Student: 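Mind having a look at this structure? Questions to follow.
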Amino acid sequence: MTKQQLLMKEPCWYVSTGNSLRPVMHSGDAVSIAPIIKDEPVELGDIVFAEVQYGPRFYVHMVHAIQKDIDGEKWKYWIGNIHGRFNGW
């Protein structure tokens, strides 16, 4: 449901699970998620709701690196938790 709401440019609520962003976010916290607006770029340290490449899994994780894809047309984001574990691009 969350993905569909964001694709329709609607903000939504998400209940966090796990401790990957602790102490910033705790398991069971309800967080407001808003769609990314084209004029507001994602930056290092932002917390995002992301579908990982080996999905369909979604994580609320932190952006650790940003670079252009191999064609240089799209941005890609290296996401992971606060504790040094990464989920990839």
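Model, not experiment: these values are computed from the prediction.
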Student: When you group the ILVMFWY residues by side-chain heavy-atom contacts below 4.5 Å and let the links chain together, are Val31 and Tyr59 in the same group?
Tutor: no
Student: Of all heavy-atom pairs between Thr2 and Ile33, which one has the smallest distance, and what is that distance?
Tutor: CG2-CD1, 4.4 Å
Student: Cluster question for you: counting only ILVMFWY and a side-chain heavy-atom cut-off of under 4.5 Å, with indirect links fine, are Val42 and Ile47 together?
Tutor: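 No.
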Student: Please work out whether the ring planes of Phe49 and Phe58 are parallel, tilted or perpendicular, with thresholds of 30° and 60°.
Tutor: parallel
Student: Say whether Ile79 and Leu6 are linked into one hydrophobic cluster, either directly or through other cluster members, by side-chain heavy-atom distances under 4.5 angstrom.
Tutor: no
Student: Quick one: do Val63 and Ile82 end up in the same hydrophobic cluster if we chain Ile, Leu, Val, Met, Phe, Trp and Tyr together by side-chain heavy atoms under 4.5 Å apart?
Tutor: no
Student: Before you tell me yes or no, could you show the steps for Ile66 and Trp75 under side-chain contact (heavy atoms from CB on, under 4.5 Å), namely the whole-Å CA-CA distance, both residues' side-chain angles and the distance that decides it to 0.1 Å?
Tutor: CA-CA 7 Å; Ile66 302 170; Trp75 290 103; 3.5 Å; yes
Student: Flag the pair Lys3 and Glu51 as a salt bridge only when some basic side-chain nitrogen lies within less than 4.0 angstrom of an acidic carboxylate oxygen.
Tutor: yes
Student: Would the distance check show the side chain of Asn81 and the main-chain N or O of Gly84 forming a donor-acceptor pair, the cut-off being under 3.5 Å?
Tutor: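 Yes, the answer is positive, given that a donor and an acceptor are paired below the 3.5 Å cut-off.
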Student: Rounded to the nearest 0.5 Å, how far apart are CE of Met62 and CG of Leu21?
Tutor: 6.0 Å
Student: Does Ile37 belong to the same Ile/Leu/Val/Met/Phe/Trp/Tyr cluster as Met8, with side-chain heavy atoms less than 4.5 Å apart forming each link?
Tutor: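 Different clusters.
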Student: Would you indicate whether the side-chain heavy atoms of Val48 and Val60 approach each other to under 4.5 Å?
Tutor: no
Student: Check whether Asp71 reaches the backbone of Glu73 with its side chain - one donor and one acceptor, N or O, closer than 3.5 Å.
Tutor: no
Student: Could you measure the distance from the CG atom of Asp29 to the CH2 atom of Trp13? Nearest 0.5 Å is fine.
Tutor: 10.5 Å
Student: Do His61 and Asn87 have side-chain N/O donor and acceptor atoms under 3.5 Å apart?
Tutor: yes
Student: Do Trp78 and Phe86 have ring centroids that are under 6.0 Å from one another?
Tutor: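 Yes, ring centres under 6.0 Å apart.
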Student: Within the supplied structure, the quantity of interest is the number of heavy atoms (other residues, nucleotides, ligands) at a distance under 6.0 Å from Lys68 NZ; does it exceed 12?
Tutor: yes
Student: Has Ile70 got more than 12 heavy atoms of other residues, nucleotides or ligands less than 6.0 Å from its CD1?
Tutor: no
Student: How far apart are the closest heavy atoms of His83 and Arg22, and which atoms are they?
Tutor: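 Closest approach of His83 to Arg22: CE1-O, 3.3 Å.
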